[in-house]
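Quick caveat, the model's predicted, so the values are computed rather than measured.
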Amino acid sequence: MGRGKVELKRIENKINRQVTFAKRRNGLLKKAYELSVLCDAEVALIIFSSRGKLYEFCSSPSMHKTLEKYERCSYGTLQANHQSAKETQASYEEYIKLKEKHEALQHLQRQFFGEDLGRLGLEELEQLETQLGSSLGQVRSLKTRNQLDKLSELQRKEEMLLEANNILSMKLEEINAARRSHPWAAEEQNITYSNQPAHSEGSFGHLHSNGTLHFGHNPGVTAHERTVATSEQDVHSLIPGWML
């Protein structure tokens with residue numbers, strides 16, 4: 001017959017309990033050793049008897065190093081989880097505060113627009129009126145400052161245009177003064193282009209009879225003499241050469 005199922009409960013008989021503890025302790029230590037050898041695992045086993053006596057097994061040379069490794073793997077994860085839970089809680093609390101602040105600002109904005117004023121008392125209405133007056137003053141001040149800035153910019157552009165206009169006027173006056181100081185240059189140019197003789201037989205005859213050509217300006221000849229000479233040239237240019 002096979003062994004019956006052993007009921008797992010505390011053994012009341014002290015002697016039987018000690019015998020069972022010794023047998024199972026040795027078997028557990030043996031299994032720990034076999035596991036470390038067969039599977040190349042790092043195994044540490046700690047057993048305290050009912051009287052507080054210590055029994056241990058460690059596959060590594062130092063039980064202390066194995067326990068430190070266990071603490072880093074176990075308690076480090078717990079601390080990380082705990083810290084993550086704290087951060088989550090802090091983030092949620094911050095979210096609640098921001099949400100409340102957002103709702104308060106929305107309510108205040110509606111009051112600025114003249115909504116939800118029925119539940120406000122006299123003191124709160126006066127405070128709201130003061131805030132609106134202060135805001136209106138700031139808006140007007142900013143508007144005035146912007147207008148002054150634009151006006152200053154326009155004045156600066158006006159000064160630049162006036163300066164450019166003055167420079168152009170001075171240049172125009174210089175040109176007119178130069179023309180007034182040398183009128184003979186303009187008259188000579190007009191005479192040269194307006195009184196050239198026609199290319200006809202009489203013209204060539206007059207040139208041959210004259211015999212001498214004068215180029216350039218003669219300082220000894222006055223304006224009246226130049227006019228008379230020009231008139232004589234015009235008359236001779238109209239008479240054929242055989243009549244001269």
K.L.:
Return the CZ to CG distance between Arg25 and Leu45, rounded to the nearest 0.5 Å.
P.N.:
11.0 Å

K.L.:
Evaluate the criterion salt bridge (charged side-chain N to carboxylate O under 4.0 Å, His left out) for residue pair Glu103 and Lys101; output intermediate values, then yes/no.
P.N.:
CA-CA 5 Å; Glu103 291 177 354; Lys101 187 176 182 180; over 6 Å; no

K.L.:
Mind checking whether Leu67 and Ile46 have side chains closer than 4.5 Å, heavy atoms only?
P.N.:
yes

K.L.:
Establish whether Tyr33 and Tyr55 are linked, either directly or via other cluster members, by ILVMFWY side-chain heavy-atom contacts under 4.5 Å.
P.N.:
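Yes; Tyr55 is reachable from Tyr33 via cluster members.
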
K.L.:
For the atom pair CG (Leu142) and CZ (Arg140), what is the distance rounded to the nearest 0.5 Å?
P.N.:
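That separation rounds to 13.5 Å.
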
K.L.:
Contact between Glu56 and Leu29 at the side-chain level, heavy atoms closer than 4.5 Å - yes or no?
P.N.:
no

K.L.:
Does atom CG (Leu168) have a neighbourhood of more than 12 heavy atoms from anything else shown, all under 6.0 Å?
P.N.:
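Check passes, neighbour count above 12.
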
K.L.:
Quick check: are there more than 12 heavy atoms from other residues, nucleotides or ligands sitting under 6.0 Å from CG of Asp40?
P.N.:
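Result for CG/Asp40: open.
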
K.L.:
Applying the side chain to side chain donor-acceptor pair (under 3.5 Å) criterion to His102, which one of Lys99, Glu100, Gln106 satisfies it?
P.N.:
Gln106

K.L.:
Provide the closest heavy-atom pair for Ile11 versus Arg17 in the form atom of the first, atom of the second, distance.
P.N.:
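For Ile11 versus Arg17, the nearest heavy atoms are O-NH1, 2.6 Å.
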
K.L.:
Out of curiosity, Arg110 CZ to Leu105 CG, how far, rounded to the nearest 0.5 Å?
P.N.:
11.0 Å

K.L.:
How long is the gap from OG on Ser49 to CD on Gln18, to the nearest 0.5 Å?
P.N.:
9.0 Å

K.L.:
Is the CD atom of Gln147 crowded by more than 12 outside heavy atoms at less than 6.0 Å?
P.N.:
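Yes, because the 6.0 Å sphere around CD of Gln147 holds more than 12 heavy atoms from other groups.
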
K.L.:
Using only heavy-atom distances, determine whether the side chains of Ser36 and Glu42 contain a donor-acceptor pair under 3.5 Å.
P.N.:
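No, Glu42 and Ser36 have no side-chain donor paired with an acceptor closer than 3.5 Å.
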
K.L.:
Would you say that Phe21 contacts Ile47 through its side chain, given a criterion of any heavy-atom pair below 4.5 Å between the two side chains?
P.N.:
yes

K.L.:
Please determine if Arg156 and Glu153 form a salt bridge, counting it only when a charged side-chain N lies under 4.0 Å from a carboxylate O.
P.N.:
yes

K.L.:
Side-chain donor-acceptor pair under 3.5 Å between Glu68 and His64, yes or no?
P.N.:
yes

K.L.:
Do the side chains of Thr66 and Tyr70 get nearer than 4.5 Å, heavy atoms only?
P.N.:
no

K.L.:
Spell out, as yes or no, whether a donor-acceptor pair under 3.5 Å connects the side chain of Ser134 to the backbone of Thr130.
P.N.:
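No: the side chain of Ser134 does not pair with the backbone of Thr130.
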
K.L.:
Going from CD1 on Ile167 to CG on Leu162, what distance comes out if it is rounded to the nearest 0.5 angstrom?
P.N.:
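It comes to 11.0 Å.
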
K.L.:
State, to 0.1 Å, how close Ser60 and Cys58 come at their nearest heavy-atom pair, and which atoms those are.
P.N.:
OG-SG, 3.0 Å

K.L.:
For residues Met63 and Phe48: do they belong to one hydrophobic cluster (side chain heavy atoms under 4.5 Å, members Ile, Leu, Val, Met, Phe, Trp, Tyr)?
P.N.:
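Cluster IDs for Met63 and Phe48 match.
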
K.L.:
Please say yes or no: joined through hydrophobic side-chain contacts below 4.5 Å, possibly via intermediate residues, are Leu132 and Val139 part of one cluster?
P.N.:
no

K.L.:
Which distance, rounded to the nearest 0.5 Å, do you find between the CG of Asn146 and the CG of Leu151?
P.N.:
12.5 Å

K.L.:
So that I can tick it off, tell me whether Lys171 and Glu173 are bridged by a salt bridge, with the cut-off set at under 4.0 angstrom between side-chain N and carboxylate O.
P.N.:
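Looking at Glu173 and Lys171, the cut-off is not met.
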
